[in-house]
Each structure stands twice: as structure tokens, then as C-alpha cells.
Asks: 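I have a structure here, written as C-alpha cells, and I will follow up with some questions on it.
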Protein chains: 2
Amino acid sequence: MLSKSSKYAIKAVLFLALNSNDNEKVMVKDISGPINVPQAYIAKLLQELSRKNIISSSRGPKGGFYLSEDNRKQSIMSIVDVIEVEKNFNSCMLSLKECDENKPCPLHKILYPFKSSIIKNLRSISIKDLALEVELGNTFLPL
Amino acid sequence: MLSKSSKYAIKAVLFLALNSNDNEKVMVKDISGPINVPQAYIAKLLQELSRKNIISSSRGPKGGFYLSEDNRKQSIMSIVDVIEVEKNFNSCMLSLKECDENKPCPLHKILYPFKSSIIKNLRSISIKDLALEVELGNTFLPL
DNA sequence: TCTATAATATGACAAAAATCATATTTAAGA
DNA sequence: TCTTAAATATGATTTTTGTCATATTATAGA
Ligand code: FES
Ligand code: FES
């Protein structure tokens with residue numbers, strides 16, 4: 001469904017949404033523990049996200065990663081877009097490179113509607129939205 | 001979504017559904033070409049499926065793989081169950097091992113309904129069903 | 001301006017998934 | 001019964017994904 005990397009990235013971003021802002025930054029070493037992801041690995045992912053402006057960072061003392069207000073408005077899918085290497089999330093479920101409505105594979109009818117709904121959902125929901133649900137206690141950030 | 005192996009396996013089984021029966025068997029070397037999967041690789045997958053009685057086989061001259069009437073009644077999901085090594089298709093989309101309705105992760109509400117529908121669909125649809133759609137020209141077996 | 005502290009860049013290494021190779025077993029037909 | 005043709009079993013190799021290590025660069029604060 002989602003690669004490990006994507007999951008890690010989403011967890012980390014959500015953690016930042018809940019624990020950082022423009023003047024409260026979080027260092028990688030303080031992220032990896034709570035979200036239960038190896039430090040060196042999450043560091044790499046955060047760097048990628050930062051480079052693509054999904055999250056913000058500043059280096060040196062008092063530096064760290066954080067989410068600006070603008071960052072928070074972005075969709076969950078934008079995280080996946082950066083991390084997911086294969087765009088298998090967008091391709092045909094059997095073998096074709098791309099789905100072809102005119103020449104659908106046997107699984108298309110069954111699976112495609114779901115997949116496109118999932119993607120639409122992930123595009124329409126923002127980081128902020130998800131973080132809010134956690135703050136309200138409706139959903140839970142793991143472990 | 002689905003591993004390459006699962007996709008290959010589904011394609012191969014569908015090919016067998018369309019091109020074999022109890023007294024017309026197909027050899028691996030005649031399967032790999034049409035479905036566009038490396039021969040040695042699809043052989044391995046077919047062997048697994050055969051061992052788990054998803055498909056049938058007989059060896060020696062005139063041997064090969066084929067689908068019995070019983071085989072055809074099985075669901076598409078039963079193929080995936082055999083091939084998919086990680087049961088990531090059944091687990092939480094963020095980090096938990098299993099989904100926990102009482103302590104759902106932030107993505108649960110959005111993604112879980114879709115995922116469980118997909119699985120339900122794949123369980124309810126049989127090999128025969130899908131093959132028929134291809135025979136009717138409604139869907140297409142690739143390349 | 002110097003030092004310490006943080007991210008960044010780069011690449012090595014490990015584990016898992018996909019691919020390939022081959023010796024063994026089974027069965028049909030001469 | 002012998003030969004040949006097929007799947008089967010097993011494992012080696014390659015590629016991809018995930019993980020770890022470290023030298024470099026930027027910046028806050030003394
Ligand atoms: S054509 Fe295969 S999923 Fe659309
Ligand atoms: S708890 Fe994460 S998808 Fe259900």
C-alpha cells in the first residue's frame with residue numbers, strides 16, 4: 001500500500017505538526033524515538049522533505065525541523081509524492097504502465113475506483129487536518 | 001498495492017483460465033511469453049500456487065499447468081494470499097501491526113474503509129468471473 | 001571571529017524482493 | 001524398461017529498498 005519510507009515520513013511530519021512551529025524546532029534525535037524510526041533513516045527522509053519544501057528546517061545551534069503555517073496546509077499526498085520512489089501508487093494494478101480506460105485490465109473495474117478515491121482523499125486532506133484529529137483525541141499517533 | 005509477484009501470479013492464473021483445462025495443459029515456457037514475465041520466475045510462482053492447490057499441474061511429457069473446474073471457483077484473493085509474503089495488505093497503513101478500531105492511527109478513518117472493501121471484493125470474485133470478462137471482451141489481458 | 005551544534009550530502013552496508021540456474025523427480029510413450 | 005519431457009526443489013545472483021556512518025556546511029551565541 002504505502003512503502004515503509006512513506007509511512008515513516010507521514011509519522012514524522014505529523015509529529016512535527018504536533019510538536020513544532022516557527023520558533024520551536026525539533027531535532028532529529030528527538031523525533032526518531034517517539035515515532036519509533038531509526039534516527040539516521042528518518043534524518044534522510046526529513047532532509048528530502050525539507051529540500052522539497054514539505055517541511056522546514058534550519059541548521060546550527062537552536063536549529064531543527066519544524067512546520068510553518070504554509071507547510072501545514074499541504075496535503076498528505078504531497079508527502080507521499082516526495083518519498084515514494086516508484087509511482088506504483090498511480091499505475092495499473094496488473095501490468096500496464098498506466099491505466100487505460102479503453103483497454104482496462106481484468107482488475108481495473110474492481111480496483112481502480114477505490115484507488116482513485118484513496119488518492120483523491122490523500123490529496124484533499126491536509127497535514128493540519130490530520131494533526132487536529134490527533135489533538136482532539138479522535139486518532140492516535142503511534143508507537 | 002500488490003507486489004510484482006502477485007501481479008505476475010494473477011496474470012498467469014488468468015492466462016491458464018483462458019488457455020487450459022483438465023486435458024489441455026500449458027507448459028511454463030508457453031506461459032511466460034504471452035504474459036510477459038521471465039520464465040524461471042513465473043515457474044517458481046506457479047509451483048507455489050500448485051503446491052497450495054490454487055492451480056493444478058502434472059509432470060512428465062504431456063504435462064503442464066492447468067485449471068480444474070474447482071480451481072476456477074477460487075477467489076482472486078486466494079492467489080494473493082499464497083504469493084504475498086508480507087501480509088501488508090492486511091495490516092495498518094501507518095505503523096501498527098494490526099488495525100485497532102479503538103485506537104486508530106491518523107490514516108485509519110480515511111484509508112481503512114477502502115482497503116477492507118478492496119479485500120472483500122478480491123475475496124468475492126472468482127478466477128472464473130474475471131476470465132469470463134476477458135472472454136466477453138470487457139477487459140483485456142496484457143502485455 | 002571562534003566554537004559548538006545543528007542539518008546536509010554522500011555513499012557504504014544490510015535485508016528483502018525479484019530474477020536466474022540447475023540437479024532431481026515424475027510420468028508418457030516407444 | 002528406457003528415454004525424454006515436463007514440473008519440482010533448492011539455492012545462487014542481482015536489484016531494490018531500507019539502514020547506517022561520516023565528512024561537510026551553516027548558524028547561533030560567546
Ligand atoms: S488498467 Fe489495470 S488497473 Fe487500470
Ligand atoms: S490503525 Fe492504522 S490503518 Fe487502521
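Chain letters run A, B, ... following the sequence lines, proteins first and then strands; every chain starts at 1.
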Asks: C/dC20 C1' sits how many Å from B/Leu46 CG, rounded?
Replies: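 Whole-Å distance recorded here is 16 Å.
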Asks: Can you find a heavy atom in the side chain of A/Lys73 that is under 4.5 Å from one in the side chain of A/Ser126?
Replies: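 A side-chain contact under 4.5 Å is absent here.
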Asks: For residues B/Asn71 and B/Ser68, is any side-chain donor paired with an opposing acceptor at under 3.5 Å?
Replies: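 There is such a pair between these side chains.
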Asks: When you check the phosphate oxygens OP1 and OP2 of D/dA9, does a side-chain N or O of B/Arg51 lie under 4.0 Å from one of them?
Replies: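 Yes, such a contact exists.
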Asks: Please name the pair of heavy atoms, one in B/Ser124 and one in B/Asp129, separated by the smallest distance, quoted to 0.1 Å.
Replies: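 Here B/Ser124 and B/Asp129 meet closest at O-OD2, 4.2 Å.
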Asks: Using distance alone, with no hydrogens and no angle criterion, decide if A/Glu133 and A/Thr139 have a side-chain donor and acceptor under 3.5 Å apart.
Replies: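 The criterion, which ignores hydrogens and geometry beyond distance, is not satisfied for A/Thr139 and A/Glu133.
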Asks: B/Tyr8: which residues meet the ring pair (Phe, Tyr, Trp, His ring centres under 6.0 Å) condition with it, sequence neighbours left out?
Replies: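 Partners of B/Tyr8 under the ring pair (Phe, Tyr, Trp, His ring centres under 6.0 Å) test: B/Tyr41.
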Asks: For A/Leu130 and B/Pro106, work out which heavy atoms get closest and say how close.
Replies: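 Of all heavy-atom pairs spanning A/Leu130 and B/Pro106, the closest is CD2-O, 3.4 Å.
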Asks: Mind calculating the distance between CD1 (B/Ile42) and C1' (D/dA7) to the nearest angstrom?
Replies: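 These atoms are roughly 14 Å apart.
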Asks: Measure from the side-chain heavy atoms of B/Phe65 and tell me the nearest of D/dT19, C/dA7, D/dT8.
Replies: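 The listed nucleotide nearest to B/Phe65's side chain is D/dT8.
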Asks: What's the closest nucleotide to the side chain of A/Ser57 if the choices are C/dT19, D/dA9, C/dA7?
Replies: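 Looking only at heavy atoms from C-beta outward on A/Ser57, the closest nucleotide is C/dA7.
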Asks: With a 4.5 Å heavy-atom cut-off, do A/Leu107 and A/Ile110 have their side chains touching?
Replies: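 A side-chain contact exists here, since the closest heavy-atom pair is under 4.5 Å.
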Asks: Encode nucleotides 21-30 of chain C as B, S and - characters from 5' to 3', where the letter depends on protein heavy atoms closer than 4.0 Å: B to the base, S only to sugar-phosphate, - to neither.
Replies: ----BBBBS-
Asks: Once you round it to whole Å, what is the distance between P of D/dA7 and CG of B/Leu49?
Replies: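 From B/Leu49 CG to D/dA7 P: 14 Å.
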Asks: Rounded to the nearest Å, what distance is computed from the NZ atom of residue B/Lys29 to the P atom of nucleotide C/dC20?
Replies: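 That distance rounds to 18 Å.
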Asks: Filter on ring-ring contact (aromatic ring centres under 6.0 Å, His included), then keep only pairs touching residues 12-33 of chain A, sequence neighbours left out; what's left?
Replies: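 Listed once each, the pairs would be none.
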Asks: Report the residue (B/Ser50 or A/Gln39) whose heavy-atom-nearest nucleotide on DNA chain D is the more 5′ of the two.
Replies: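 Going by which nucleotide is closer to the 5' end, it is B/Ser50.
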Asks: Check B/Tyr66 against B/Glu24 and note the closest heavy-atom contact, atom names and distance.
Replies: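 That would be CB-O, 4.2 Å.
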Asks: Taking ring pair (Phe, Tyr, Trp, His ring centres under 6.0 Å) as the test, write out the residues that go with B/Phe65, two or more places apart.
Replies: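 Partners of B/Phe65 by the ring pair (Phe, Tyr, Trp, His ring centres under 6.0 Å) criterion come out as none, since no residue qualifies.
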Asks: Figure out the CG/C1' separation between B/Leu2 and C/dA18, and round it to whole Å.
Replies: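 Taking CG of B/Leu2 and C1' of C/dA18, I get 16 Å after rounding.
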Asks: To the nearest angstrom, how far is A/Tyr66 atom OH from C/dA6 atom P?
Replies: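 Nearest whole value for this atom pair: 16 Å.
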Asks: Whole-Å distance between C/dA16 C1' and B/Lys4 NZ?
Replies: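 Roughly 14 Å, once rounded to whole Å.
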Asks: Quick check: closest heavy atoms across A/Ile83 and A/Ser6, and the distance to 0.1 Å?
Replies: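 Smallest interatomic distance, heavy atoms only, reads CG2-N, 3.7 Å.
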Asks: Round to a whole Å and report the spacing from CD of B/Gln47 to P of C/dC20.
Replies: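 In whole Å, C/dC20 P and B/Gln47 CD are 15 Å from each other.
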Asks: Side chain of B/Met27 only, heavy atoms from C-beta on: which candidate in D/dT8, D/dA7, D/dA9 is closest?
Replies: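 So the nucleotide nearest the side chain must be D/dA7.
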Asks: Please confirm whether the shortest side-chain N or O distance from A/Tyr8 to OP1 or OP2 of D/dG18 is below 4.0 Å.
Replies: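 No.
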Asks: Report all interatomic pairs (protein N or O, nucleotide N or O of nucleotides 1-3 of chain D) with separations under 3.5 Å.
Replies:
none

Asks: For salt bridge (charged side-chain N to carboxylate O under 4.0 Å, His left out), just list the numbers for B/Glu48 and B/Arg51, CA-CA rounded to whole Å, side-chain angles, deciding distance to a tenth of an Å, and then say yes or no.
Replies: CA-CA 5 Å; B/Glu48 273 183 74; B/Arg51 199 163 348 112; 5.7 Å; no
Asks: For the helix from C/dT1-D/dA30 to C/dA30-D/dT1, what angle separates the axis at the start from the axis at the finish, each from five pairs, in steps of 10°?
Replies: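 Result, rounded to 10 degrees: 0°.
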Asks: Under 4.0 Å from OP1 or OP2 of C/dA17: is there any side-chain N or O of B/Tyr41 that close?
Replies: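 Indeed not, no polar side-chain atom of B/Tyr41 lies that close.
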